[in-house]
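Please read the structure below before turning to the comments.
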2 protein chains.
Amino acid sequence: MAGPEKRPIVTVDTVLFTLRDGALATLLQPRAKPPHAGRLALVGGYVRPDQDSGTLAAATRILAEKTGLTGLFLEQLMSFAGPDRDPRGWSLSVAHYALVPEAALARAAPDIAVLTVGEVPPLPFDHDAILAAALARLRGKSAWSTLPAFLLPETFTLPMLKSVYETVMGEPLNDSAFRRKINELRIIEELPDARSPATAERRRPAQLYRLSQRALVAFDRVI
Amino acid sequence: MAGPEKRPIVTVDTVLFTLRDGALATLLQPRAKPPHAGRLALVGGYVRPDQDSGTLAAATRILAEKTGLTGLFLEQLMSFAGPDRDPRGWSLSVAHYALVPEAALARAAPDIAVLTVGEVPPLPFDHDAILAAALARLRGKSAWSTLPAFLLPETFTLPMLKSVYETVMGEPLNDSAFRRKINELRIIEELPDARSPATAERRRPAQLYRLSQRALVAFDRVI
DNA sequence: GAAATAGTGTCTATAAGACACTATGGT
DNA sequence: ACCATAGTGTCTTATAGACACTATTTC
């Protein structure tokens with residue numbers, strides 16, 4: 001039986017995704033304390049058994065404390081553990097990922113850096129591997145769920161929705177087929193008499209929609 | 001900073017799947033010690049930072065120690081944590097799942113119970129939830145990967161492969177379409193001049209195949 | 001040659017992609 | 001009127017399913 005002194009360090013880390021100028025980006029924060037103080041890293045912290053009812057709760061608490069971000073789509077990714085990933089000793093991190101719509105971004109702590117996923121520098125600990133796994137999960141799950149919609153505001157247009165799917169999956173989608181599928185899947189609903197504002201460039205206003213359910217919906221076919 | 005005394009209990013648990021008379025089954029073992037001594041449960045144990053290089057290594061070690069099973073396909077599922085799942089206190093279990101071909105089953109510890117997934121009794125801790133999550137993962141991943149093949153011996157016939165996909169996914173598959181897809185995907189290779197034995201009932205022998213790669217292969221389309 | 005399973009060929013149904021077309025508002 | 005984006009209709013292509021057919025072995 002392992003006594004408490006033999007227990008691993010248990011932390012949670014969260015990969016935060018957002019959109020930046022039409023590109024997929026991630027939010028990183030300079031570490032406040034050693035190890036790796038000052039270096040950009042995933043937002044993480046210790047699981048506190050006296051406060052947290054689970055790891056999702058721990059991740060939610062730490063996100064709020066360290067970044068001010070709340071109300072995000074947040075999901076467990078997987079755990080990363082081993083003797084060498086943290087200089088403090090054998091540690092286990094339950095990695096999560098979250099999607100940050102632009103409106104929430106505005107409320108984030110000022111020290112948060114927003115970097116396109118292609119321009120992320122080498123990260124401390126095994127955060128590179130965690131980020132890669134989160135990206136793979138985001139891309140994989142986007143093809144058959146409403147996951148990318150959580151990068152958008154609550155109401156959005158079909159061109160916006162198509163664009164975010166294209167950004168996340170990294171490939172252009174057929175417009176006609178996209179509309180057909182979204183329609184058949186009944187995952188979004190029209191806001192009656194609500195249209196996006198027209199601008200000098202975006203001339204014709206588009207119909208506004210919202211998710212039929214404000215929760216992740218999976219579907220069998222692929223976008 | 002959380003001192004060691006505030007650290008959660010960290011364990012690993014593994015859901016073991018196998019085939020039993022053409023049905024999907026799970027391997028459970030009576031617990032040797034309290035809590036819940038004597039009750040059938042998932043195979044699990046403490047992560048030992050002094051011995052284990054990670055949670056997969058911990059699960060592999062514990063499986064070997066408690067069941068004698070080695071060489072299985074084994075993958076992390078996700079973590080389950082909270083204050084109430086274990087009477088010993090706030091605990092975190094990194095759940096895994098493994099696939100046990102019939103040949104490996106023969107080498108398993110004698111106290112292992114093999115139960116069809118439909119006839120599993122209520123399990124201690126949150127093992128019901130872990131089993132349900134593992135089953136969902138197995139079913140979901142089977143549609144687009146070679147996962148079910150790890151329930152078969154190293155060499156198998158196409159009818160056997162089709163049957164294991166049907167068993168795992170719980171629905172009949174079209175024979176012609178199945179062969180077409182398996183062929184196009186190039187995931188298996190023929191063993192030249194090797195055929196399954198014919199019996200009184202299975203009259204025409206079938207061509208034997210093996211996986212082209214003895215590792216999980218994902219494909220984009222669905223079986 | 002009858003029985004039973006292994007394996008093939010081909011038609012049909014469905015869904016995805018291509019792409020030309022119409023619609024609407026701003027300038 | 002023209003531009004730019006929003007949105008539609010329809011043809012083609014790719015893939016999945018249905019199902020009848022042939023092939024090979026045992027009895």
Side-chain angles (χ1 to χ4, degrees), chain A residues 21-22 142-145 149 152-153 155-167 169-210 218-223, chain B residues 22 142-145 148-149 152-153 155-167 169-210 218-223:
Chain A
D21 305 326
S142 290
W144 49 269
S145 77
L152 292 177
T155 69
F156 49 81
T157 67
L158 272 179
M160 286 164 76
L161 187 63
K162 172 166 175 270
S163 166
V164 70
Y165 270 98
E166 288 176 326
T167 298
M169 308 216 293
E171 58 181 9
L173 297 175
N174 184 280
D175 187 52
S176 166
F178 181 79
R179 288 168 181 273
R180 197 165 45 203
K181 276 176 282 187
I182 293 293
N183 248 311
E184 285 164 2
L185 293 169
R186 305 248 160 258
I187 54 178
I188 62 174
E189 59 188 28
E190 214 167 291
L191 300 179
D193 304 319
R195 293 164 161 278
S196 66
T199 67
E201 283 84 36
R202 304 190 83 79
R203 308 249 165 127
R204 176 174 169 180
Q207 177 62 48
L208 284 172
Y209 295 85
R210 68 169 159 236
F219 30 85
D220 52 349
R221 299 208 317 282
V222 143
I223 284 284
Chain B
S142 290
W144 48 269
S145 77
L152 293 177
T155 69
F156 48 81
T157 66
L158 273 179
M160 286 164 75
L161 188 62
K162 172 167 176 267
S163 166
V164 69
Y165 270 97
E166 288 176 325
T167 298
M169 310 216 292
E171 57 180 11
L173 297 175
N174 184 280
D175 187 53
S176 166
F178 181 80
R179 287 168 181 274
R180 198 165 44 204
K181 276 177 281 187
I182 293 293
N183 247 310
E184 285 165 2
L185 293 169
R186 305 247 159 259
I187 55 179
I188 62 173
E189 58 187 28
E190 212 167 296
L191 300 180
D193 305 319
R195 294 165 161 276
S196 66
T199 67
E201 283 84 36
R202 305 190 82 79
R203 308 248 165 130
R204 176 174 169 181
Q207 176 63 47
L208 283 172
Y209 295 86
R210 65 170 161 235
F219 31 86
D220 52 350
R221 301 208 315 283
V222 143
I223 285 283

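Just so we're on the same page: letters track the sequence lines, and every chain starts at 1. In what follows, every heavy atom counts, from backbone to side chain, and hydrogens, waters and symmetry copies are set aside.
Annotation for A/Leu208 and A/Ser196: closest pair CG-N, 3.8 Å, computed over non-hydrogen atoms. What you find for A/Arg210 and A/Leu191 is that their closest heavy atoms are NH1-CD2, 3.3 Å.
Atom-to-atom distance recorded for B/Leu185:CG and B/Asp220:CG is 7.5 Å, nearest 0.5 angstrom. The distance from atom CZ of A/Phe219 to atom NZ of A/Lys181, rounded to the nearest 0.5 Å, is 9.0 Å. In this structure, B/Thr155 OG1 and B/Gln207 CD are separated by 10.5 Å, a value rounded to the nearest 0.5 Å.
Residues passing the side chain to side chain contact (heavy atoms under 4.5 Å, CB included) test with B/Glu171, sequence neighbours excluded: B/Met169.
Each of A/Arg180 and A/Ser196 was assigned the nucleotide of DNA chain D with the nearest heavy atom; the assignment lying further toward the 5' end belongs to A/Ser196. Residue order along DNA chain D, read from the 5' end via each residue's closest nucleotide, puts A/Gln207 first among A/Gln207 and B/Val222.
Taking the 5' to 3' direction, DNA chain C first and last meets chain A under 4.0 angstrom from a heavy atom at C/dA15 to C/dT27.
Proximity of A/Leu161 to A/Tyr209: side-chain heavy atoms (C-beta onward) are nowhere separated by under 4.5 Å. No side-chain heavy atom of A/Asp175 sits under 4.5 Å from any side-chain heavy atom of A/Leu158. Between A/Arg179 and A/Pro159, some side-chain heavy-atom pair lies under the 4.5 Å cut-off.
What separates CG of B/Leu185 from C1' of D/dA16 is a distance of 13 Å, to the nearest Å. To the nearest angstrom, C1' of D/dG17 lies 12 Å from NZ of B/Lys162. Rounded to an integer number of Å, the gap from B/Leu173 CG to D/dG17 P is 8 Å. In this structure, OH of B/Tyr165 is placed 14 Å from P of D/dG17, rounded to the nearest angstrom. The CG atom of A/Asp220 sits 18 Å away from the P atom of D/dT15 (whole-angstrom rounding).
For D/dA16, the base has no donor-acceptor partner in the side chain of B/Asn174 [N/O atoms by modelled type, under 3.5 angstrom].
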Do any N or O atoms of the protein come closer than 3.5 Å to N or O atoms of nucleotides 23-27 of chain D, and which pairs are they?
from	atom 1	to	atom 2	distance (Å)
D/dA23	N3	B/Arg204	NH1	2.5
D/dT24	O4'	B/Arg204	NE	3.3
D/dT26	O2	B/Arg203	NH1	3.0

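Backbone-only engagement by B/Arg221 is indicated by non-hydrogen atom pairs under 4.0 Å involving sugar-phosphate atoms exclusively. Across all strands, A/Ser176 comes closer than 4.0 Å to base atoms (heavy-atom distances).
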